[in-house]
Student: 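Mind having a look at this structure? Questions to follow.
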Amino acid sequence: MGKKIRVGALVSGGGTNLQAIIDARRRGAIDADLVFVGSDNPGAYGLERAEQHGIPTFRVDYPAVMRAFRQGLEEARLPEDFRLDDLRAKQTIFPPSVDPQKVDAFLTTRTVAEALLLKAMQPFPFDLLVLAGFMRNLTPYFIDRVNPDRAHPRIMNIHPALLPAFPGTDGYGDTFRYGCKVGGCTVHFVDYGEDSGPIIGQRAFAIHEEDTLETVRRRGLEQEWQLYPECIQLFAEGRLKTVRMRHEQPGGRVFERTVVKVLPNRR
Ligand code: GRF
């Protein structure tokens, strides 16, 4: 085992992925220490899991914060360095067809909550932030402050589908309802879009006719619990490098794609 990286996690719910990371840490499978677990949902069971393992926790109650902001209360204010134009220009969660007022309301209220998240995270320096069932889209305000160096993204997410298929909150449900023969999960770096960042790792599994949404979800989660610690360990070993690759096709057509390269293990 090499030097340990410091990992912070954000959860919204049950936290089985968080548990898989805690377990991987305990059996020495990842060179990582969990330095905090935060949540937008004060009742998230993931927070209890963290507390059972002595990991510091904090809560930023998103609905309560957004309510307080609308009421103009002191504790929920926009940070001084909030620049709506900059966030509008960067965000790719909403396509241009969406009502700009809706986009502005989203960016504004979310930033208020994210500023509190950043404040709560401040006492805990970290190398990597993992979203482990964190069910809120992040704005560029938060992302830029966690990723000051754009060449080295350090927010990871796990998504319950083979991206770019079925982004959003119900990947297994969408996969199952579509009638897919294969489902999967994806770990990716977070960018300014919804579930759209560079892909680090994916796992696929077969879906059979006799399957139910529950069996599909269960099979998927079992893959997630293996995949997420593996990707965290690649990050800990300094083996993930996000690159733009240029490809020239026989007819001369050129295209580019973003790839997360997995470098050889030099240890
Ligand atoms: C997982 O399927 C994850 O991919 C998705 O939300 C679910 C959360 O599960 N983002 P848990 O809270 O880790 O149990």
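When a ligand or atom number is given, it counts from 1 through the structure's own listing order. In this text the structure is predicted, and so the values were computed from the model without any measurement.
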Student: Identify, for atom 10 (N) of ligand 1, the protein heavy atom at the shortest distance, and state residue, atom and that distance.
Tutor: Ile158 O, 3.3 Å
Student: With sequence neighbours left out, which residue pairs that include part of residues 176-193 fulfil the side-chain hydrogen bond (donor to acceptor under 3.5 Å, both in side chains) condition?
Tutor: Asp144-Tyr192, Asn157-His188, Asp170-Arg177, Asp174-Arg177, Thr186-Gln202, Asp191-Ser196
Student: Heavy-atom contacts under 4.0 Å between Leu131 and ligand 1: side chain, backbone, both, or neither?
Tutor: neither
Student: Taking atom 13 (O) of ligand 1 as the point of reference, which of Leu221, Asn17, Asp195 owns the nearest heavy atom?
Tutor: Asn17
Student: Is a side-chain donor-acceptor pair under 3.5 Å present for Gln233 with Glu237?
Tutor: yes
Student: Output yes when Arg145 and Asp81 qualify as a salt bridge under the 4.0 Å nitrogen-oxygen rule, no when they do not.
Tutor: yes
Student: Enter the distance from Leu221:CG to Gln226:CD here, rounded to the nearest 0.5 Å.
Tutor: 12.0 Å
Student: Can you pull out the closest protein heavy atom to atom 5 (C) of ligand 1? Residue, atom name and distance to 0.1 Å, please.
Tutor: Pro160 CD, 3.9 Å
Student: With salt bridge (charged side-chain N to carboxylate O under 4.0 Å, His left out) as the criterion, how do Glu214 and Arg218 come out once you've worked through the C-alpha distance, each side chain's angles and the decisive distance to 0.1 Å?
Tutor: CA-CA 6 Å; Glu214 282 58 49; Arg218 178 78 202 172; over 6 Å; no
Student: Can you find an N/O atom of Tyr172 closer than 3.5 Å to an N/O atom of ligand 1?
Tutor: no
Student: With a 4.0 Å heavy-atom cut-off (strictly under), which part of Arg217 contacts ligand 1: side chain, backbone, both or neither?
Tutor: neither
Student: For atom 8 (C) of ligand 1, which protein heavy atom lies nearest, and how many Å away is it?
Tutor: Gly133 CA, 3.7 Å
Student: Just to confirm my output: which protein heavy-atom neighbour is closest to atom 1 (C) of ligand 1, and how far is it?
Tutor: Glu224 OE1, 3.2 Å
Student: So is Thr16 polar-close to ligand 1, meaning N/O to N/O under 3.5 Å?
Tutor: yes
Student: Nearest 0.5 angstrom please: Lys261 NZ to Arg239 CZ, how far?
Tutor: 14.0 Å
Student: So is Gly15 touching ligand 1 or not, going by heavy atoms under 4.0 Å?
Tutor: yes
Student: Would Ser12 and Asn41 count as having a side-chain donor-acceptor pair, cut-off 3.5 Å?
Tutor: no
Student: Mind checking whether Val11 has a heavy atom under 4.0 Å from ligand 1?
Tutor: no
Student: Would you say the side chains of Gln91 and Thr139 form a donor-acceptor pair under 3.5 Å?
Tutor: no
